[in-house]
Number of protein chains: 4
Amino acid sequence: MAPRSSKQFEEIREKSKEKLVYAALELFATHGYDRVSVSQIAKHAGVSKGLVYNYYASKEDLVQAIIETYMEVGEVLWREIADPDPWTMMRNIIRATFGMLRTQPDLMKLLTGLSLQMDQFPFIKGLIEKKAEGYLLLAANLFEKMGYKNPALESRVLGALFDGICVQYITMGPPQFDLDSMENYLIEKYCNNEEA
Amino acid sequence: MAPRSSKQFEEIREKSKEKLVYAALELFATHGYDRVSVSQIAKHAGVSKGLVYNYYASKEDLVQAIIETYMEVGEVLWREIADPDPWTMMRNIIRATFGMLRTQPDLMKLLTGLSLQMDQFPFIKGLIEKKAEGYLLLAANLFEKMGYKNPALESRVLGALFDGICVQYITMGPPQFDLDSMENYLIEKYCNNEEA
Amino acid sequence: MAPRSSKQFEEIREKSKEKLVYAALELFATHGYDRVSVSQIAKHAGVSKGLVYNYYASKEDLVQAIIETYMEVGEVLWREIADPDPWTMMRNIIRATFGMLRTQPDLMKLLTGLSLQMDQFPFIKGLIEKKAEGYLLLAANLFEKMGYKNPALESRVLGALFDGICVQYITMGPPQFDLDSMENYLIEKYCNNEEA
Amino acid sequence: MAPRSSKQFEEIREKSKEKLVYAALELFATHGYDRVSVSQIAKHAGVSKGLVYNYYASKEDLVQAIIETYMEVGEVLWREIADPDPWTMMRNIIRATFGMLRTQPDLMKLLTGLSLQMDQFPFIKGLIEKKAEGYLLLAANLFEKMGYKNPALESRVLGALFDGICVQYITMGPPQFDLDSMENYLIEKYCNNEEA
DNA sequence: AATGAATGAGGATTCATTCAT
DNA sequence: CATGAATGAATCCTCATTCAT
């Protein structure tokens, strides 16, 4: 039997890792990090418990990998945001945020849960802080261009609103919480040139 | 030699329970329900592990007791809300909400964390749903009186904003997140008769 | 208030002890010594947990007291056994044995259970051995007078039969296991002069 | 480097389970189910505490497995019982019963102990009842063929005798309680064609 | 690369027992 | 005499992690 090429090995590795990351995200989001055992994850992913430790040094390492993996996926949405017109750019931001919620609800749920336990997960702390800072600067700048009186505060309000929508969407779910109307409302409110 | 009177016992009981509930709330809020052991709670409260089970049938029973205890405390703030003028009443609601956050940040943190695991804590589910429903009706009614076009949606937005403020205040803390300016902003925005 | 006389105290003591012993026997027999907690016993007896330790040094001390108390009660049945005629005396023994089962089923159940754990309850070991020895001598002597070929063996057989009846009566209970017909059968079989 | 084959795993599993079941039976029989901790069992078996739970969901699950395992072993003795001649068949039954006691004294002890706590161990209840019913029918039928006047009662008596012999053999042990002479006595008494 | 047997620290819970009043 | 609050050792069980194959 010819030895597998290293490329083949790489493929196998990636496939297993993907299965694991996906299964873990699903379980973590549904039941919470601490209520899910590594065994459960392995079983859900259809691999052996030991394999998890072939790829990830620890359970905590695994969450970190999950978050990095899926954040990356989500970040694509943020790349197309820039626009010379602040109202248009604001609309892009809102669209990206809601898009994130729609395409990655599990990731958002996991992140929200972990962010409440930041002292237990140091890597989360850094990540969240960096994101928040970036968003705040960006949004404040936009609000300023749009002529708002207190851009810093305004961007905080919008940030809080995004978080709140996330929490409610997570806890109440689609049937009761309607993302679409909320999104339209925000776009109408924040992206209308006449408002200023 | 005479046995203690039942009043004496009652006092002792209450004192111990208070110590426990207080210590547990603090730890749960800081580290999350699943990361705190009953031993840690007992040690933090300065009593023995076994005593916890003299008063609470289980760890879950304890959280429930915590929530009931401190909810009651917080609910006082909501009793003085009613007012014939909708703008005044809205201001009272905002004040009560922020008051809650200021006086019971630990409770809010605990509640937020648990609400993300509602399926694991059935009693939370009921509690949150009831609260949310009550708030939504009340706020929608108010917004209608204030002449808003879409009162139902508007009340959802404000609700999400409250949740978001809660999350941000919890995760970022007082130095970085300024409750006061946020409160003033909201009052100005929502409770100004001229807006309509 | 005049101090209670020591006689009154004695009466109170006896009443409490009786309540405890009775409650404990009932629970031990139903659920087994190790499955019953001192708290349960106290509650079942309607007294406080602490009182148990006023009267008995330990849980084990309590079982011992139970057994002694109720053995004494049962032993009355064995005092009237003697009779010059061996067939009559044998009938008296059988009657006494079945009487014991009928009047003290709980005691018998407790004893049977504990006798299987003799190494854990040393006092039981002594007690059982003494009883057995006494019975074996008595019965062998009787069987000899009645003309049986192998009185020692015969008395062992009857002893085993008594034990087995006890076990079956305990496990299957009155509706399915009929003590009366069994008793009559034994009397007919063993106490009939003509058999020899 | 290659993962073990499932056959290898099976062997390892079976070996560990056997060690556990054997160690547990020994301890349960000697000290009683409730007096033996899972740790003790693991230590006695020479494995870790955690391994017990790899194979058995709970301590109760373990007893059940023990009983099933060893019952099976014992039941071989009962397969060769059938015989057209009722006296011969009766002798086979007696032999099988005593054989059980001789080869599986620990199992018999465990079963006897648990049968006194049937309400705590539902699976025992079913098992015992089924066995008893089967035996009673079989024996009654035999006694009828042998011409006994009251076959049902007679089979109950013999059943009780078996139980009693079991209890006595268990509590007194081989030196004092002689199984052989008892067995011979019963065979002589019950399996002699002339008696009828 | 993949498996699952094995480990043991740690967690929730129970309970006999003590003791101040 | 009587109470029940308080203790902590011991128990059952879970689970992250290691490792031989």
Side-chain angles (χ1 to χ4, degrees), chain A residues 4 8-10 12-13 15-16 34 36-42 47-60 62, chain B residues 1-6 8-13 15-17 34-42 47-60 62, chain C residues 4 8-10 12-13 15-16 34 36-42 47-60 62, chain D residues 1-6 8-13 15-17 34-42 47-60 62:
Chain A
R4 266 176 282 227
Q8 279 177 310
F9 271 127
E10 189 58 26
I12 293 175
R13 282 183 69 85
K15 206 175 244 170
S16 286
D34 289 306
V36 175
S37 74
V38 174
S39 299
Q40 285 170 332
I41 295 169
V47 303
S48 76
K49 202 182 348 177
L51 194 60
V52 178
Y53 289 89
N54 268 6
Y55 298 127
Y56 305 99
S58 66
K59 191 182 170 189
E60 203 173 323
L62 176 56
Chain B
M1 294 297 167
R4 269 178 276 230
S5 70
S6 63
Q8 278 174 307
F9 275 131
E10 187 59 24
E11 271 169 31
I12 293 173
R13 284 180 71 83
K15 204 174 258 171
S16 287
K17 284 170 86 166
D34 288 308
R35 311 286 272 209
V36 176
S37 74
V38 174
S39 301
Q40 285 172 331
I41 295 169
V47 303
S48 75
K49 205 183 347 176
L51 194 62
V52 177
Y53 291 91
N54 263 9
Y55 297 123
Y56 304 99
S58 66
K59 191 183 169 186
E60 202 173 324
L62 176 56
Chain C
R4 269 175 280 228
Q8 280 176 308
F9 273 127
E10 188 59 25
I12 293 175
R13 281 184 69 86
K15 205 174 245 169
S16 286
D34 289 306
V36 176
S37 73
V38 175
S39 299
Q40 285 171 331
I41 296 169
V47 303
S48 76
K49 202 185 343 180
L51 195 61
V52 177
Y53 289 89
N54 268 5
Y55 297 128
Y56 305 99
S58 66
K59 191 182 169 187
E60 202 173 324
L62 175 57
Chain D
M1 292 301 166
R4 269 177 277 230
S5 71
S6 64
Q8 279 173 307
F9 276 130
E10 188 58 24
E11 272 170 29
I12 294 174
R13 285 180 69 84
K15 204 173 259 171
S16 286
K17 283 170 89 167
D34 288 309
R35 311 287 272 207
V36 176
S37 74
V38 174
S39 300
Q40 285 171 333
I41 295 169
V47 303
S48 76
K49 203 185 346 173
L51 194 62
V52 178
Y53 292 92
N54 263 8
Y55 297 123
Y56 304 100
S58 66
K59 192 182 169 188
E60 202 172 322
L62 176 56

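Side-chain atoms are counted along with the backbone in the values below, which use heavy atoms only and exclude waters and symmetry mates.
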Next item on the list: Any chance you could measure D:Lys17, atom NZ, to D:Tyr56, atom OH, to the nearest 0.5 Å?
Entry: 5.0 Å

Check: In Å and rounded to the nearest 0.5 Å, what is the OG to CZ distance from B:Ser6 to B:Arg13?
Finding: 11.5 Å

Next item on the list: Could you pick out which residue, D:Val36 or B:Arg13, lies toward the 5' side of DNA chain F when each is mapped onto its nearest nucleotide?
Entry: B:Arg13

Margin query: Using heavy-atom distances to pick each residue's nearest nucleotide on DNA chain F, tell me which of A:Ser37 and D:Glu60 is more 5'.
Written below: D:Glu60

Next item on the list: Identify whether any heavy atom of C:Lys49 sits under 4.0 Å from a base atom; if not, whether one sits that close to sugar-phosphate; answer base, sugar-phosphate or nothing.
Entry: base

Margin query: At 4.0 Å (heavy atoms only), tell me whether B:Ser6 reaches a base, stays on the sugar-phosphate, or touches nothing.
Written below: nothing

Could you please name the option among [options] that lies closest to any side-chain atom of [X]?
{"X": "B:Val38", "options": "E:dA16, E:dT13, F:dA5", "answer": "E:dT13"}
{"X": "A:Val47", "options": "F:dT17, E:dT3, E:dT17", "answer": "E:dT3"}
{"X": "A:Leu51", "options": "E:dT3, F:dC12, F:dA2", "answer": "E:dT3"}

Item checked: Minimum heavy-atom distance between B:Tyr55 and B:Ser16, given as atom pair plus value -> CE1-CB, 3.6 Å

Notebook entry, point to check: How close do D:Lys49 and D:Ser39 get, heavy atom to heavy atom, and via which atoms?
Noted result: CD-OG, 3.5 Å

Next item on the list: Can you run through DNA chain E from 5' to 3' and write each base as (, ), [, ], | or . depending on how it pairs? Watson-Crick or G-U wobble, both distances under 3.5 Å.
Entry: .||||||||||||||||||||

Taking atom [atom2] of [N] as reference, at what distance in whole Å does atom [atom1] of [X] sit?
{"X": "A:Asp34", "N": "E:dA12", "atom1": "CG", "atom2": "C1'", "result": "15 Å"}
{"X": "D:Phe9", "N": "E:dT3", "atom1": "CZ", "atom2": "C1'", "result": "4 Å"}
{"X": "B:Ile41", "N": "E:dT13", "atom1": "CD1", "atom2": "P", "result": "10 Å"}
{"X": "B:Gln8", "N": "F:dA6", "atom1": "CD", "atom2": "C1'", "result": "16 Å"}
{"X": "B:Asn54", "N": "E:dT14", "atom1": "CG", "atom2": "C1'", "result": "11 Å"}
{"X": "B:Tyr55", "N": "F:dA6", "atom1": "OH", "atom2": "C1'", "result": "8 Å"}
{"X": "A:Ile12", "N": "E:dT3", "atom1": "CD1", "atom2": "C1'", "result": "15 Å"}
{"X": "D:Gln40", "N": "F:dC12", "atom1": "CD", "atom2": "C1'", "result": "13 Å"}

Next item on the list: Using heavy atoms to find the nearest nucleotide of DNA chain E for B:Tyr53 and A:Val52 separately, return the residue whose nucleotide is more 5′.
Entry: A:Val52

Check: How do D:Ser16 and C:Gly50 order along DNA chain E: which one's closest nucleotide is nearer the 5' end?
Finding: D:Ser16

Notebook entry, point to check: Is the backbone of D:Ser5 close enough, under 3.5 Å, to the side chain of D:Gln8 for a donor and an acceptor to pair up by distance?
Noted result: yes

Margin query: Assess the residue pair C:Val38 and C:Leu62 against the criterion (side chain to side chain contact (heavy atoms under 4.5 Å, CB included)); give the C-alpha distance rounded to whole Å, side-chain angles, the decisive distance to 0.1 Å, and a yes or no.
Written below: CA-CA 10 Å; C:Val38 175; C:Leu62 175 57; over 6 Å; no

Check: Under the side chain to side chain donor-acceptor pair (under 3.5 Å) test, which residues partner C:Asp34, sequence neighbours left out?
Finding: D:Arg35

